[in-house]
Amino acid sequence: MAPQAWVVAENGEDLQQPREFLPLSKLEDVGVLYWHLDPKKSESEEELAKIRRDRGYSYMDLIEICPDKLENYEEKVKNFFCEHMHADEEIRYCLEGSGYFDVRDKDDKWIRIRIREGDMIILPAGIYHRFTLDSAKYTKLMRLFIGEPVWTALNRPQEDHPARQEYVKNVSAGTGFALAAH
Ligand SMILES: CSCCC(=O)C(=O)O
Ligand SMILES: [Fe+2]
């Protein structure tokens, strides 16, 4: 199963009418992993536990993004939408609501990935990305991390950063990323 993903303009607006949805392989090409779970089903808890075990995600917390629940909402959403990368993976599991993760493709275009309840997404270390809510202005996300979390957003450009260099190498080799999204 693939999440809806399509190309958007720099400002996040649609470029195509109607939208042409991209296959999951376009996300795999840039190292993005995706799972769909069901937060309301107990089987999903086991599936989540397995992903956490397999990938070493010892840390977990929850974040609600909406105007009246997130402290410094305006500033935070502004920063989420500013193109950045991290030295580590960014792992988010959508428990409620929805939003968009935008990631840069190989040609530096923005791919918009629609995230809804049950979607889990892993952005590799070093990928340029940004996040925005949709018009419903609400999501509750689980954040996972290996060990003590580091949320530092490194704004573009970061071409000398080791995680960026490693990422660029992996993408251009066309290998090195696990293709096992399910
Ligand atoms: C908190 S959701 C995602 C926003 C983001 O890219 C980040 O937190 O680094
Ligand atoms: Fe991020």
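FYI, side chains are in, hydrogens and waters are out, and symmetry mates aren't considered; it's all heavy atoms of this structure. Whatever order the structure lists them in is the order used to number ligands and atoms, beginning at 1.
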Next on the checklist: Please determine whether side chain to side chain contact (heavy atoms under 4.5 Å, CB included) holds for the pair I146 and D88, giving the CA-CA distance in whole Å, both sets of side-chain angles, and the decisive distance to 0.1 Å.
Outcome noted: CA-CA 9 Å; I146 302 174; D88 306 280; over 6 Å; no

Next on the checklist: I'd like to know if the side chain of Q165 and the backbone of E159 have a donor-acceptor N/O pair within less than 3.5 Å.
Outcome noted: yes

Checklist entry - Between F145 and W151, does the ring centre distance come in under 6.0 Å? => result yes

Atom indices of ligand 1 within 4.0 angstrom of [X] heavy atoms, with elements:
X    : value
F101 : 3 (C)
F131 : 3 (C), 4 (C)
L141 : 2 (S)
H129 : 6 (O)

Contact check, [X] vs ligand 1, heavy-atom distance below 4.0 Å:
X    : value
W151 : no
R143 : no
R130 : no

Checklist entry - Do NZ/NE/NH1/NH2 and the carboxylate oxygens of D14 and R19 come within less than 4.0 Å? => result yes

Checklist entry - To the nearest 0.1 Å, how far is atom 6 (O) of ligand 1 from its closest protein heavy atom, and which atom is that? => result E90 OE2, 2.9 Å

Item to check | Nearest protein heavy atom with distance in Å, relative to atom 8 (O) of ligand 1 | outcome: R92 NH2, 3.1 Å

Checklist entry - Within 45 degrees of the axis of the six-membered ring of Y100 and under 6.0 Å from its centre: does R112 put its NZ or CZ there? => result yes

Checklist entry - Think R114 forms a cation-pi with W6, using NZ or CZ under 6.0 Å from the six-ring centre and within 45 degrees of its axis? => result no

Next on the checklist: Restricting to N, O or S, what is the name of the atom of H84 that lies nearest the Fe ion (ligand 2)?
Outcome noted: NE2

Item to check | Of all N/O/S atoms in H129, the name of the one nearest the Fe ion (ligand 2) | outcome: NE2

Next on the checklist: Under the criterion salt bridge (Lys or Arg N to Asp or Glu O under 4.0 Å), I'd like the reasoning laid out for R156 against E83: C-alpha separation, chi angles, the key distance, then a yes or no.
Outcome noted: CA-CA 6 Å; R156 186 172 179 172; E83 181 171 9; 2.8 Å; yes

Checklist entry - With the Fe ion (ligand 2) at the apex, how many degrees lie between NE2 of H86 and OE1 of E90, rounded to 10 degrees? => result 80°

Item to check | Over 12 non-hydrogen atoms of neighbours within 6.0 angstrom of CD in E10 | outcome: yes

